[in-house]
Amino acid sequence: MRRRPESSSATAGRPPPRPEETSAGGDAGGGGGSLRAVSPRRSPFVCLALFGVVTYCSWAVYRYQFESLPAPLTAEQAGKRGFSEVEAMKHVKALIDVGPHPVRSDALDEAIQYVLEASEKIKKIAHWEVDVQVDVFHAQSGTNRLVGGLFRGRTLVYSDLHHIVLKVSPKYVAEAGDSAILVSSHIDTVFSTEGAGDCSSCVAVMLELARAVSQWAHGFKSSVIFLFNTGEEEGLNGAHSFITQHPWSKSIHLAVDLEAMGIGGKSSIFQAGPNPWAIENFASAAKYPSGHVIAQDLFASGAIKSATDFQVYKEVAGLSGLDFAYTDNSAVYHTKNDKLELLKSGSLQHLGENMLAFLLQIASSPDLSGVQGTKDEGISASSSAIYFDILGMYMVLYHQGFANMLHNSVALQSLLIWSTSLLMGGYPAAVSLVLSCLSIILMWIFSLSFSLLSAFILPLLSTSPVPYVASPWLVIGLFAAPALLGALTGQHLGFLILQMYLSNEYSKREQLSPLTQSTLIKLEAERWLYKAGSVQWLILLVIGNYYRIGSSYLALVWLVPPAFSYGFLEATLTPARFPKPLKLATLLFGLSVPIVVSAGVFIRLVGTIIGMAVRFDRNPGDTPEWMVNVIVAVFIALVISLTMVYLLSYVHLSGAKKSIVLAALALFGLSLAAVLSGVAPPFTEDTARAVNVVHIVDATTSKQEQPDSYVSFFSTTPGKLTKEVEQIGGGFTCGRDKIVDLVTLSVKYGCWSYDDTEGGWSKTDIPTLAVIKDDKGDKRITEVLLDTKSSTRWVLAVNAEYIEDFKLEGNSEELIPLDDKSSVDGWHVIQFSGGKKSPTRFDMTLVWANSTQIAHGEGSQKNQQPLLKLRTDMDRLTPKAEKVLMKLPSWCSLFGKSTSPQTLAFLRDLPVEF
């Protein structure tokens with residue numbers, strides 16, 4: 001009777017039959033032939049070629065997926081019903097020509113007027129069966145308190161904001177007035193940039209979209225509302241005022257927000273849902289679909305410290321929808337380099353064509369009125385969408401419920417296959433699996449160690465701890481090369497340990513010639529290393545599926561294709577008991593799908609992390625200088641350890657190890673030399689370091705008689721400011737001796753100068769906190785008059801240890817009522833921003849907690865903490881600040897955000913024992 005052949009996985013550690021009785025492949029391709037006493041070494045040129053192919057294909061995928069943009073169309077090419085980037089760019093140029101236009105500025109008034117005139121023009125040229133309404137909406141005041149995200153523990157108060165709202169509806173479809181789609185973006189910018197990307201490009205796309213939609217809307221079943229809001233940069237105030245106060249907001253069933261966290265490139269979806277209807281329609285309608293659930297996972301986790309209007313639409317209005325963002329060159333975000341010259345050609349065309357096709361589809365659908373939002377019970381976690389695009393051409397989308405079934409099925413089948421294999425192979429196979437998994441652990445340890453070593457050394461050698469910001473390609477040599485070297489070292493050590501065990505097992509069995517035995521052991525070890533790669537992805541798949549992480553699809557695509565390729569080309573087609581060298585086809589087929597699906601995403605994530613380094617240190621000097629390097633190094637090392645495990649398993653039987661080691665060392669050396677020599681400077685004029693120059697007038701309790709006036713120079717980019725101060729001059733002293741508490745942030749490392757700082761401000765600009773009444777009854781209540789003088793942008797921190805509740809009134813209107821207040825680090829922060837007609841005098845009622853204990857039981861040291869901390873901002877340049885800005889190096893740029901001060905700031909406080 002003929003004996004059934006067994007697979008190699010079932011014979012790990014067993015004695016093979018004699019070579020004269022059984023044939024096995026001895027070549028790199030794994031073909032048949034008698035087993036000869038020859039070395040199983042694979043050609044080093046083949047392995048090096050594999051590395052080259054994988055690297056080139058990964059870069060090609062990234063270029064095609066993220067940098068391939070459509071050609072811009074003129075008005076004639078697009079037609080009156082199409083989208084023209086050339087026309088949209090006219091709007092961008094008009095908006096940036098007014099300069100930076102933050103809230104309360106004359107430049108913002110000009111920008112609003114331009115958008116209004118453009119909207120009125122759209123109204124005039126609309127299709128005769130389309131009704132276009134233009135509304136100038138004035139939000140007098142409002143209060144926005146978001147539960148989660150960046151503004152947790154804060155109350156955002158706004159006043160005197162103006163928005164332009166444009167509504168496009170079919171004239172003869174009555175029900176269209178009750179069902180609307182919101183498309184939103186913001187006109188305002190931070191004070192430090194003209195905002196070509198954030199978000200003049202978005203406003204321009206919306207204006208051109210509105211023009212095109214006005215030629216199509218006669219066939220719609222729903223209206224489309226375009227909201228051009230202001231106040232977004234100060235805390236999402238524009239979106240909140242519209243959604244809570246404008247009558248048109250009641251008809252909205254779906255919201256789409258357009259944003260920018262960089263400048264240009266492909267505008268991708270980075271938040272969707274919670275109802276999957278919008279993303280489903282986008283996936284089917286968009287011409288160039290772009291979006292990845294991994295970005296949504298990172299944003300939701302808080303790893304990306306930012307917020308968009310979409311949070312208001314979801315959290316406050318309970319709407320579902322989509323959030324788009326430009327993310328190219330994220331290092332320029334909110335700096336002077338958010339400029340037209342860096343806006344890539346084709347960026348607006350890409351977003352415009354996608355949005356136009358999407359709006360035409362959903363506005364014509366009768367299903368919009370049935371779309372449920374976040375506050376509807378019908379939305380469950382299992383219906384949330386998992387989505388990703390392939391090369392920017394197709395979008396894969398499925399629900400979490402299906403993902404659970406798919407992932408569980410793959411996990412169970414994998415466990416079944418492994419269990420069967422181990423049962424057939426017995427104890428030796430189980431030990432071989434454990435040792436091959438040990439090689440994975442060693443890969444991680446060595447890869448992380450080598451990469452982290454570079455991360456810690458870099459700040460000691462370079463003038464900047466992040467010398468790769470302007471030249472992101474440097475991280476290939478600085479971190480990827482050491483990580484690859486470590487991964488190879490760790491896996492090879494595991495390979496040697498596995499060989500030792502297999503050699504011991506083979507020596508106990510039927511004797512073979514030493515050369516034959518050595519060959520079989522190496523081939524068997526190679527196969528175990530390859531198969532162990534699927535184990536780590538199986539573990540990640542199980543964990544991701546358990547916590548319902550949408551990005552678990554990455555584990556799926558890195559598990560199934562390589563495992564299927566191995567099973568199809570190795571186990572199925574090579575039934576001989578002798579192990580054979582792994583076929584090259586197994587690797588190429590196994591990695592093709594994972595590379596196409598994920599290579600571009602991994603590269604883009606590295607670029608995004610590098611760009612975020614510019615604004616990483618939210619409290620300057622609070623985080624170690626090496627922290628950004630550690631984050632970049634760890635991410636790169638993990639990606640290399642996870643993805644290179646299959647390829648590296650082919651290296652150990654070749655002579656390519658030495659070449660790879662030398663190449664990695666040479667790449668590291670050249671990159672380090674480029675950094676140390678200044679050939680690749682850390683910052684350039686187009687990729688600048690984010691800094692703040694603030695003239696501070698400190699009138700807190702200890703300095704009330706004689707305010708302390710100085711210019712503070714600090715940076716959210718890690719690193720010393722020695723080089724910058726040398727060029728500026730002006731008597732600056734740098735160090736950690738002077739901690740500046742700016743209420744929303746603390747400067748723990750910075751530079752300051754007292755020279756010539758008495759001009760440009762007066763004592764009448766200093767805000768006041770005056771106690772009007774202090775009732776120490778059963779419940780202590782204190783009334784305070786807050787006068788911010790001429791400032792309409794201020795932040796006030798309330799000490800939650802002493803104050804359990806408070807109320808704020810302005811112009812006899814209650815802005816913040818008495819209710820439950822949350823706090824962060826013991827403080828509740830009020831953040832106020834408004835237009836020119838905003839109030840500047842406020843009445844505040846403080847309700848104390850445990851007033852008797854506070855009055856009698858507190859130590860003097862504890863009472864040094866103020867009860868209230870106030871900072872008022874003015875977008876005004878004093879003579880000293882102006883001189884500093886004139887001498888600011890070209891590689892530096894002012895940086896603005898909702899919590900950072902403007903160029904003139906006043907500090908005031910109210911002590912506990914007033």
Next item on the list: Sequence neighbours left out, what passes side chain to side chain contact (heavy atoms under 4.5 Å, CB included) with Glu194? Give chain and number order.
Entry: Ile96, Lys339
Check: Hey, are Asp188 and His101 close enough side-chain-wise for a donor-acceptor pair under 3.5 Å?
Finding: no
Note to self: My understanding is that only residues two or more places apart in sequence, or in another chain, count here; which of them pass ring pair (Phe, Tyr, Trp, His ring centres under 6.0 Å) with Trp891?
What the structure shows: none
Notebook entry, point to check: Taking only residues two or more places apart in sequence or in another chain, which ones pass side chain to side chain contact (heavy atoms under 4.5 Å, CB included) with His91?
Noted result: Tyr114, Ala118, Ala204, Leu207
Note to self: Which residues pass the ring pair (Phe, Tyr, Trp, His ring centres under 6.0 Å) test with Phe242, not counting sequence neighbours?
What the structure shows: His246
Check: Side-chain donor-acceptor pair under 3.5 Å between Ser833 and Arg793, yes or no?
Finding: no
Margin query: For Asp328, is there an ion pair with Lys344 - N to carboxylate O distance below 4.0 angstrom?
Written below: yes
Note to self: Run the side chain to side chain contact (heavy atoms under 4.5 Å, CB included) test against Ser471 and tell me which residues pass, sequence neighbours left out.
What the structure shows: Trp473, Leu474, Ala680
Check: Judged by atom type as modelled, is there a donor-acceptor pair below 3.5 Å linking the side chain of Gln349 to the main-chain atoms of Glu85?
Finding: yes
Item checked: Close side-chain approach of His163 to His186, heavy-atom, < 4.5 Å -> no
Checklist line | Qualifying salt bridge (Lys or Arg N to Asp or Glu O under 4.0 Å) pairs with a residue from residues 290-311, counting only residues at least two apart or across chains | finding: none
Next item on the list: On the 0 to 90° scale, with breaks at 30° and 60°, tag the Phe226-Phe228 ring pair as parallel, tilted or perpendicular.
Entry: parallel
